[in-house]
Amino acid sequence: MNQLQRDKLAETLIAEAYICLDRGDEDDAKSLLRQSVKVRFHDEIEKIINGDKDLLGMFARMQLDKDPDKKLMARSLIQVLMEDKRFLKMYKPIFSVIEEDEEEN
């Protein structure tokens, strides 16, 4: 799949995420958003998994951006990475998974 096809698929997934959110289905909306980020940023995710720490640092910093869209996208990308076994194998000593319940308290 080329980047244009990935971009179109990502846009479709985001549109569906908004539909789910409008009807109150937050879990499906979050899942679709993560899938969209995974599709759209496939190349970047692969670079990070293959050791690009500068790119990882950029996305980690974006989680604190004032732009809510950038912040949401960066947090979704980090979540996608945290679900990837290859990423966890490389970075497990540095990162740990915090359950959503723990994060809210």
Side-chain angles (χ1 to χ4, degrees):
M1 186 178 297
N2 66 39
Q3 189 60 46
L4 180 60
Q5 292 169 323
R6 284 196 297 263
D7 289 345
K8 287 180 180 180
L9 178 55
E11 287 176 19
T12 302
L13 290 167
I14 288 174
E16 188 62 29
Y18 278 115
I19 291 169
C20 290
L21 195 58
D22 286 343
R23 70 173 180 243
D25 195 349
E26 290 184 27
D27 290 338
D28 281 349
K30 286 180 184 179
S31 176
L32 287 166
L33 177 62
R34 281 195 301 272
Q35 289 177 38
S36 171
V37 167
K38 191 174 186 176
V39 168
R40 168 58 184 90
F41 293 99
H42 176 266
D43 293 340
E44 291 82 355
I45 290 169
E46 288 301 316
K47 286 179 184 177
I48 290 169
I49 290 170
N50 290 321
D52 191 332
K53 292 180 183 177
D54 293 332
L55 190 57
L56 175 60
M58 182 187 82
F59 282 108
R61 286 186 301 278
M62 283 177 64
Q63 293 182 96
L64 304 174
D65 199 288
K66 291 182 181 186
D67 180 342
D69 292 334
K70 282 185 181 180
K71 184 186 297 187
L72 181 61
M73 182 277 308
R75 289 181 178 184
S76 295
L77 187 134
I78 297 297
Q79 182 65 38
V80 166
L81 288 169
M82 293 299 293
E83 294 170 353
D84 190 292
K85 290 178 184 177
R86 299 172 299 156
F87 176 81
L88 291 175
K89 184 177 179 183
M90 179 178 278
Y91 291 98
K92 184 91 172 155
I94 300 170
F95 291 97
S96 61
V97 176
I98 298 174
E99 297 299 324
E100 285 188 41
D101 294 340
E102 293 177 36
E103 188 176 295
E104 292 174 3
N105 294 329

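- One hydrophobic cluster, built from ILVMFWY side chains closer than 4.5 Å, cannot hold both Val39 and Tyr18; they sit in different ones.
- In this structure, Ser76 and Val37 approach most closely via the heavy-atom pair CB-CG2, 3.7 Å.
- Residues Leu77 and Leu13 do not share a hydrophobic cluster, clusters being chains of Ile/Leu/Val/Met/Phe/Trp/Tyr side chains in contact below 4.5 Å.
- Asp67 and Asp65 get closest at one heavy-atom pair: N-OD1, 2.7 Å.
- Side-chain contact between Leu64 and Lys71 is absent, with no heavy atoms from C-beta onward closer than 4.5 Å.
- Between Ala74 and Met62, the shortest heavy-atom distance links the atoms CB-CB, 3.6 Å.
- Closest non-hydrogen pair, Ala10 versus Arg40, comes out as CB-CB, 3.6 Å.
- Under a hydrophobic clustering in which Ile, Leu, Val, Met, Phe, Trp and Tyr are joined whenever their side-chain heavy atoms come within less than 4.5 Å, directly or via other members, Ile45 and Leu9 fall into different clusters.
- Both Ile48 and Met73 are members of a single hydrophobic cluster when ILVMFWY side chains are connected at heavy-atom separations under 4.5 Å.
- Rounding to the nearest 0.5 angstrom, the gap separating the CE atom in Met90 from the NZ atom in Lys53 is 7.5 Å.
- When all heavy atoms are compared, the tightest approach of Leu55 to Asp52 is N-OD1, 2.9 Å.
- The line from CG of Leu32 to CD1 of Ile14 is 10.0 Å long, rounded to the nearest 0.5 Å.
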- request: Carefully, step by step, assess Glu16 and Thr12 under the rule side-chain hydrogen bond (donor to acceptor under 3.5 Å, both in side chains).
  value: CA-CA 6 Å; Glu16 188 62 29; Thr12 302; over 6 Å; no
query: Under the side chain to side chain contact (heavy atoms under 4.5 Å, CB included) criterion, do Leu81 and Leu56 qualify, and how do the steps go?
result: CA-CA 10 Å; Leu81 288 169; Leu56 175 60; 4.0 Å; yes
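- Between the CG atom of Asp27 and the NZ atom of Lys30 there is a distance of 6.5 Å, given to the nearest 0.5 Å.
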message: Could you walk me through whether Glu83 and Lys38 satisfy the salt bridge (charged side-chain N to carboxylate O under 4.0 Å, His left out) test, starting with their C-alpha distance in whole Å, then the side-chain angles of each, then the deciding distance to 0.1 Å, before giving a yes or no?
response: CA-CA 11 Å; Glu83 294 170 353; Lys38 191 174 186 176; over 6 Å; no
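- To the nearest 0.5 Å, atom CZ of residue Phe59 and atom NZ of residue Lys70 are 11.0 Å apart.
- The CD1 atom of Ile49 sits 13.0 Å away from atom NZ of Lys85, with the distance rounded to the nearest 0.5 Å.
- Cluster membership for Ile78 and Val80, using ILVMFWY side-chain heavy atoms within less than 4.5 angstrom, is shared.
- Of the inter-residue distances, the one linking Phe87 atom CZ with Asn50 atom CG reads 12.0 Å to the nearest 0.5 angstrom.
- When the shell of 6.0 Å around CD of Glu46 is examined, it contains more than 12 heavy atoms from other residues, nucleotides or ligands.
- Arg6 places a side-chain heavy atom less than 4.5 Å from the side chain of Asp43.
- Residues Ala29 and Cys20 come closest through the heavy atom pair N-CB, 3.9 Å.
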